[in-house]
Amino acid sequence: MHTLHDPSSRGFASDNYAGIHPEVLQAIAAANGGHQVAYGEDAYTARLQEVLRGHFGEPAEAFPVFNGTGANVLSLQAMLPRWGAVICAESAHINTDENGAPERVAGLKLLTVPTPDGKLTPELVDRQAWGWGDEHRAQPGVVSITQTTELGTVYAPEEIRAVADHAHALGLRVHLDGSRLANAAAALDLPLRALTTDVGVDVVSLGGTKNGLMLGEAVVVLDPEAASGLTYLRKMNMQLASKMRFVSAQLVALFEGDLWLRSARHANAMAARLSAAVEGVDGVRLTQATRANAVFAVLPPGVADRLRTRFRFYDWDEATGEVRWMCAFDTTEADVDAFARAVRAEVASALGVGAEA
């Protein structure tokens, strides 16, 4: 079959747009010969357990799934009773981008808190951590944080520890949506466990798709007492792959060596390059510090639409003109520089001034 798209075309809409990392493609091909037992009783899924225990500690148990929403729904459903509720940031992916799946599929309640940088704090948790014993209110049972956040910000380990300690003191468990956990670890130059196991996180939704996989994430249970029934819930929620070896082989390729870190560092570096190229341009205002692989900026009216005739990216807040630009493992310096030149030119045109060199 011939290629149906331009393989050299890259934009700044999402790290989900990127293809499969060549090393991951090789891992899929290497896992392809002969027969392996289905539904996770294969050599690659067994190896994945060993690999992830190396990152998160011996008690860790991994449950490969197809996608991030599935990982989040499974995690939260396994952590809560039927009447349970999750405290999360108002901007959290489980609240804004999962089409009600946590509520409709997992059957739980989201208790949201507004936060300007996407992060929760003990004080913000307390806004929703109340009402236990009140039969008229969904019962808070889990605090869910996102690393990196939907606003591209990064929790330091001590910030996670503060939330986790506070949550545990209240009898709450802690879930971490880690679809971009690799980018956070790369930004902080820390191992994965320093942002999870070592600071009190109980269950992690571990990302892969945004960091070079074809598909695949994993629910990683760090505290066996924090979740139950995942074996059955994964099947009930249609997240059990029959040919699981091909999901697990990708995750092994990503996490067995340093591919996860190399890819995340590169994506972060490209975002830093883009941020530096547009920072200080008259008419462009960066709205969040660029810590990982996301850049958030406000542009003059009409500029985003003109840019989108050549480069794909999304509005973040249409009311304010805020946009989001994402970099991926395959974003190149040339991609960034060409886009930055286009931004400067379109902004200059909108403001009626000469473009910067």
Side-chain angles (χ1 to χ4, degrees), residues 15-16 18-32 36 40 42-68 70-72 74-75 146-148 154 157 160 175-199 201-223 230 234 239 241 243-268 292-293 328-330:
D15 34 14
N16 285 323
I20 308 169
H21 194 286
E23 293 178 38
V24 174
L25 270 176
Q26 291 173 5
I28 295 171
N32 193 42
Q36 281 279 289
D42 60 87
Y44 299 91
T45 303
R47 177 58 183 153
L48 178 63
Q49 302 299 328
E50 298 172 355
V51 168
L52 293 185
R53 284 175 185 143
H55 284 291
F56 296 104
E58 280 305 312
E61 185 176 7
F63 296 83
V65 296
F66 291 115
N67 53 45
N72 287 336
L74 277 171
S75 297
T146 311
Q147 179 78 309
T148 61
V154 177
I160 300 176
H175 165 257
L176 187 144
D177 180 348
S179 64
R180 296 187 178 97
L181 179 59
N183 298 93
L188 296 169
D189 196 23
L190 290 171
L192 296 172
R193 68 173 297 146
L195 300 174
T196 53
T197 311
D198 294 348
V199 289
V201 173
D202 296 305
V203 178
V204 176
S205 296
L206 181 63
T209 309
K210 291 178 171 64
N211 203 21
L213 267 59
M214 179 173 69
L215 57 84
E217 323 280 308
V219 174
V220 185
V221 179
L222 306 180
D223 182 349
L230 268 163
R234 181 170 56 174
Q239 288 289 324
K243 296 185 179 181
M244 195 182 296
R245 61 167 148 162
F246 297 109
V247 180
S248 297
Q250 294 177 75
L251 289 162
V252 169
L254 189 62
F255 289 106
E256 187 171 40
D258 67 348
L259 178 58
W260 66 276
L261 186 57
R262 283 187 280 123
S263 295
R265 279 178 174 165
H266 177 80
N268 289 1
N293 64 323
F329 77 88
D330 61 348

- Do the ring planes of His55 and Phe255 sit parallel (below 30°), tilted (30 to 60°) or perpendicular (above 60°)? perpendicular

- CA sep, side-chain torsions, deciding dist, call: Asn67, Leu215, side chain to side chain contact (heavy atoms under 4.5 Å, CB included): CA-CA 7 Å; Asn67 53 45; Leu215 57 84; over 6 Å; no

- Enter the distance from Asp198:CG to Thr196:OG1 here, rounded to the nearest 0.5 Å. 7.0 Å

- Taking Gln239 for the side chain and Phe66 for the main chain, is one N or O donor matched with an acceptor at less than 3.5 Å? yes

- Item | Non-hydrogen atoms of Met244 and Gly40 that approach each other most closely | SD-CA, 3.5 Å

- Taken to the nearest 0.5 Å, the spacing of His21 NE2 from Arg262 CZ works out to 5.5 Å

- Note on the structure: Between Val247 and Ala241, the two heavy atoms sitting closest are CG2-CB, 4.2 Å

- Is the side chain of Thr197 donor-acceptor paired with the backbone N or O of Phe56 at a distance under 3.5 Å, no angle test? yes

- Item | Nearest heavy-atom neighbours spanning Ala194 and Val199 | O-CG1, 3.5 Å

- Task: First locate atom CG of Asn183, then atom CG of Leu261, and finally report the distance between them rounded to the nearest 0.5 Å.
- Result: 10.0 Å

- Determine the minimum heavy-atom distance between Phe329 and Pro22, stating which atoms define it. CE1-CD, 4.5 Å

- Message: Using side chain to side chain contact (heavy atoms under 4.5 Å, CB included), reason through Arg180 and Asp15 one step at a time and then give a plain yes or no.
- Response: CA-CA 10 Å; Arg180 296 187 178 97; Asp15 34 14; 2.8 Å; yes

- Are any of the side-chain heavy atoms of Leu48 and Pro64 separated by less than 4.5 Å? yes

- Task: Measure the shortest side-chain to side-chain distance between Tyr44 and Leu251 over non-hydrogen atoms and say whether it is less than 4.5 angstrom.
- Result: no

- Message: What's the separation between atom NZ in Lys210 and atom OG in Ser263, rounded to the nearest 0.5 Å?
- Response: 15.0 Å

- Note on the structure: One should read off an interatomic distance between Thr146 OG1 and Leu181 CG, to the nearest 0.5 angstrom, of 11.0 Å

- Note on the structure: Of Leu176, Val201, Leu52, Leu192, the one forming a side-chain contact (heavy atoms from CB on, under 4.5 Å) with Val220 is Leu52

- Task: Would you mind reporting whether Val24 and Met214 have side-chain heavy atoms less than 4.5 Å apart?
- Result: no

- Item | N/O donor-acceptor pair under 3.5 Å between Asp223 side chain and Asp202 backbone | no

- Query: Roughly how far, to the nearest 0.5 Å, is CD of Gln250 from CG of Leu25?
  - Reply: 8.5 Å

- Can you tell me if Glu217 uses its side chain to pair, donor with acceptor, with the backbone of Ser205 under 3.5 Å? no

- Query: Glu61: what forms a salt bridge (Lys or Arg N to Asp or Glu O under 4.0 Å) with it, not counting sequence neighbours?
  - Reply: none

- Please answer whether the main-chain N or O of Ser75 pairs with a side-chain N or O of His175 as donor and acceptor at a distance below 3.5 Å. no

- With sequence neighbours left out, what residues match Arg265 under side chain to side chain donor-acceptor pair (under 3.5 Å)? Asp189

- Item | Check: Trp260 main-chain N/O paired with Asn211 side-chain donor or acceptor under 3.5 Å | yes

- Could you tell me which non-hydrogen atom of Ile160 sits nearest to which non-hydrogen atom of Leu195, and how far apart they are? CD1-O, 3.4 Å

- Message: Tell me if a side-chain donor or acceptor on Gln36 pairs with a main-chain N or O of Ala43 at a distance below 3.5 Å.
- Response: yes

- Message: Counting C-beta onward and ignoring hydrogens, is there a side-chain heavy-atom pair between Val219 and Val203 closer than 4.5 Å?
- Response: yes

- Closest contact, heavy atoms only, Asp330 versus Ala18: OD1-CB, 3.5 Å

- Does Val154 reach the side chain of Gln147, with side-chain heavy atoms less than 4.5 Å apart? yes

- Side chain Arg234, main chain Gly70, donor-acceptor under 3.5 Å: no

- The salt bridge (Lys or Arg N to Asp or Glu O under 4.0 Å) partners of Arg47 (sequence neighbours excluded) come to Glu50, Glu256

